[in-house]
Amino acid sequence: MAHKPFKAVIPAAGLGTRFLPATKAMPKEMLPVVDKPAIQYVVEEAVSAGIEDVLIIIGRNKNNIANHFDSMPELEVKLREKGDLDRLAKVEHSTDLADIHMVRQGEPKGLGHAVLRARSHVGDHPFAVLLGDDLIDERDPLLTTMLGEYDRHGASVVALMEVDPDQVHLYGVAAVEATDTDGVVKITGLVEKPKKEDAPSNYAVIGRYVLGPEIFDVLEHTEPGKGGEIQLTDALQEQAADPDAGVYGVVFGGRRYDTGDKLDYIKAIVQLASDREDLGAELRPWLKDFAAGL
Ligand code: G1P
């Protein structure tokens with residue numbers, strides 16, 4: 001690795017309007033998925049890939065996120081007095097996870113704009129961007145594979161998944177070419193949220209990116225695109241079209257849980273809970289009975 005260590009950037013400044021009223025006074029990243037806030041899964045994913053420095057781009061109602069990754073002395077003392085060491089470990093775990101930093105986005109002007117807000121903290125390190133709406137199962141080390149591909153190509157890497165053509169309008173979509181590595185493609189073009197008939201393929205960008213610091217210069221001059229927002233997809237399209245830059249895709253076939261809307265969020269909780277040792281054994285037969293009665 002001939003570069004500085006990877007950092008992680010987690011944009012968490014969205015308004016979360018799809019989850020109102022739950023997100024009236026709380027960021028959607030703090031919604032629990034079983035018993036952990038969604039954003040903790042994402043920080044844990046970065047840490048398991050070996051990243052220690054995590055920058056969270058926050059919006060309004062930031063205090064909940066900051067408090068979650070901070071120590072909570074009153075609660076810790078109470079749990080220690082009660083001898084409840086299991087829960088104490090859970091409370092302390094999120095504090096000790098990583099070196100967490102925060103920066104405010106101010107006006108939300110799109111994902112590209114959020115990433116640009118990371119510039120002064122990230123400096124000349126390469127970095128991973130992890131979007132909290134996509135949770136990747138901890139048994140499927142997607143990010144580790146992507147960091148490896150960044151090292152191999154020295155170019156931006158995005159995670160791709162094949163989706164139903166009726167879903168392409170929800171994603172950045174890539175035109176791809178095979179490489180000599182199975183599961184890794186070269187991206188020849190990218191379009192943000194195309195109509196089904198305009199999509200170059202059904203390879204959708206899911207919320208994981210590994211980028212070099214050069215992306216900041218591109219984002220500085222990226223004009224507002226789809227929805228009037230500065231799109232990370234458009235900056236990556238510029239790199240894909242530049243023979244000196246290039247963008248690669250890691251095609252993910254593992255377990256991904258979308259928590260971006262209500263129905264998917266409920267499905268994610270059910271899937272993750274049925275896999276858990278402490279809940280699955282009771283939940284699975286109950287689910288079967290429940291479904292049989294519908
Ligand atoms: C963002 C990106 C999009 C990407 C998606 C992945 O869209 O703009 O290119 O495919 O995340 O989840 P959003 O879902 O924030 O609208």
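For ligands, and for the atoms within them, numbers begin at 1 and follow the listed sequence. What you are looking at is a predicted structure, and each value in this text was computed from that prediction instead of being measured. Heavy-atom basis, side chains included; hydrogens, waters and symmetry copies ignored.
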Worksheet item: Is the closest protein non-hydrogen atom to atom 16 (O) of ligand 1 under 4.0 Å?
Response: yes
Worksheet item: Would you say ligand 1 has an N or O under 3.5 Å from any N or O of Leu111?
Response: no
Worksheet item: Any idea which protein heavy atom is nearest atom 10 (O) of ligand 1, and the distance to it?
Response: Val205 O, 2.6 Å
Discussion item. Using side-chain heavy atoms (C-beta onward) and a distance below 4.5 Å, is Thr222 in contact with Gln231?
Written reply: no
Discussion item. Is it the case that ligand 1 has an N or O less than 3.5 angstrom from some N or O of Arg256?
Written reply: no
Discussion item. Are there over 12 heavy-atom neighbours, none belonging to Glu220, within less than 6.0 Å of that residue's CD?
Written reply: yes
Discussion item. Within the 4.5 Å heavy-atom criterion, are Val210 and Val250 side-chain neighbours or not?
Written reply: no
Worksheet item: Taking atom CZ of Arg104 as the centre, does the number of heavy atoms from other residues, nucleotides or ligands within less than 6.0 Å exceed 12?
Response: yes
Worksheet item: Would you call Glu52 and Val47 a side-chain contact if the rule is heavy atoms closer than 4.5 Å?
Response: no
Worksheet entry | Of the listed options Gln231, Met161, Glu192, closest to atom 2 (C) of ligand 1 (non-hydrogen atoms) | Glu192
Item to complete: Assess Thr233 for proximity to ligand 1: is some non-hydrogen atom of it under 4.0 Å away?
Response: yes
Worksheet item: Any cation-pi pair here, Lys262 with Phe19, using under 6.0 Å and within 45°?
Response: no
Worksheet item: Could Lys36 and Tyr41 be counted as a cation-pi pair, given that NZ or CZ must be under 6.0 Å from the ring centre and within 45° of the axis?
Response: yes
Worksheet item: Quick one: does Lys226 get a heavy atom under 4.0 Å from ligand 1?
Response: no
Worksheet item: Do Leu131 and ligand 1 have an N or O pair less than 3.5 Å apart?
Response: no
Item to complete: Ignoring angles and geometry beyond distance, decide whether Lys193 reaches within less than 3.5 Å of ligand 1 through its nitrogen or oxygen atoms.
Response: yes
Fill in: Sub-4.0 Å atoms of ligand 1 with respect to non-hydrogen atoms of Gly172
3 (C), 4 (C), 9 (O), 10 (O)
Worksheet item: Numbering the atoms of ligand 1 from 1, which are under 4.0 Å from a heavy atom of Asp134?
Response: 6 (C), 12 (O)
Discussion item. Between Phe6 and Tyr150 (judged by ring centroids, cut-off 6.0 Å), do the two rings come close enough to count as a pair?
Written reply: yes
Worksheet item: Between Leu232 and ligand 1, which part of the residue brings a heavy atom under 4.0 Å of the ligand: side chain, backbone, both or neither?
Response: neither
